[in-house]
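Working notes, structure below.
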Amino acid sequence: MRLILLGPPGAGKGTQSARLVNRHGIPQLSTGDMLRAAVKAGTPVGLRAKAIMDAGNLVSDDVVIGIVADRIDEADCRKGFILDGFPRTIAQAEALEQMLAGKGTKLDVVIELKVDQTKLIDRIIKRAEETKARGEAVRKDDDPDVFKTRLDAYNRDTAAISPFYSERGKLIQIDGMRSIDEVSADIEKTLSHLDEEVESR
Ligand code: AMP
């Protein structure tokens, strides 16, 4: 199963991806995590990306597309993957389509977590407090001002992804404002319907 979790920062994509990994045994490909690992390791990509990420802006399409292209070539992605935080621009979505077509495959579904953006700042403050309470470092871009820049980037560049996949008949929207368990149950229901459709073809 090849799926994308779509939604603004703080919508719960990471949390829901982790559950999907456990249930379906396919890897989560988070471009944010991959970029943070590159920053930590001080690779050339990481050095280029750090200031952009700290400011809450988008890293260039060519860098991110390159990272994803390499990652989906790895053996653990053969049975599928969950894309979290990619694509974030139409150029990335088109590049993904080409990448998959080149492998003779395509996406199964795009699940969009619909959230009330006015409530996201509260969620992100809570996420920062919980991270701190666990004794872990809080992400620099979870600072409320930087978070607003990330939301602006989402609305400017990434919101257009939703109609892109809707036109291709791939988009399913889910109410992401409910509890983690409720959202997760809804995602599983969607995926089981998808399996039934595939089986009945
Ligand atoms: P995330 O963990 O998905 O919120 O991503 C954290 C940051 O990494 C973003 O604010 C961007 O600076 C960068 N980033 C992650 N994924 C992408 C992407 N697909 N395109 C551009 N920048 C990205």
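All residue numbers refer to positions in the sequence shown, counting from 1. Whatever order the structure lists them in is the order used to number ligands and atoms, beginning at 1.
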Exercise for review: Can you tell me which residue pairs pass the salt bridge (charged side-chain N to carboxylate O under 4.0 Å, His left out) test with a partner in residues 25-49, sequence neighbours excluded?
Suggested key: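 Sorted pair list: Asp33-Arg36.
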Exercise for review: Name all pairs fulfilling the salt bridge (charged side-chain N to carboxylate O under 4.0 Å, His left out) condition that reach into residues 159-171, sequence neighbours left out, sorted by first residue then second.
Suggested key: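 Sorted pair list: Glu97-Arg168.
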Point to revise | Side-chain touch Leu20/Leu191, heavy atoms, less than 4.5 angstrom | key: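 Yes - at least one pair of side-chain heavy atoms lies under 4.5 Å apart.
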**Study point:** Check: Leu151 and Phe147 side chains under 4.5 Å, non-hydrogen atoms
**Key:**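 With C-beta onward as the side chain, the pair touches.
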Check your understanding: Got more than 12 heavy atoms from elsewhere within 6.0 Å of CZ, Arg178?
Key ->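 Enclosed.
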**Study point:** Residues forming a salt bridge (Lys or Arg N to Asp or Glu O under 4.0 Å) with Asp142, sequence neighbours excluded
**Key:**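 Once residues adjacent in sequence are excluded, the partners of Asp142 under the salt bridge (Lys or Arg N to Asp or Glu O under 4.0 Å) criterion are Arg127, Arg150.
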Review point. Any idea which residues sit under 4.0 Å from ligand 1, heavy-atom distances?
Key: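 Residue list for ligand 1: Thr31, Gly32, Leu35, Arg36, Met53, Asn57, Leu58, Val59, Val64, Gly85, Phe86, Arg88, Gln92, Arg139, Asp141, Arg150.
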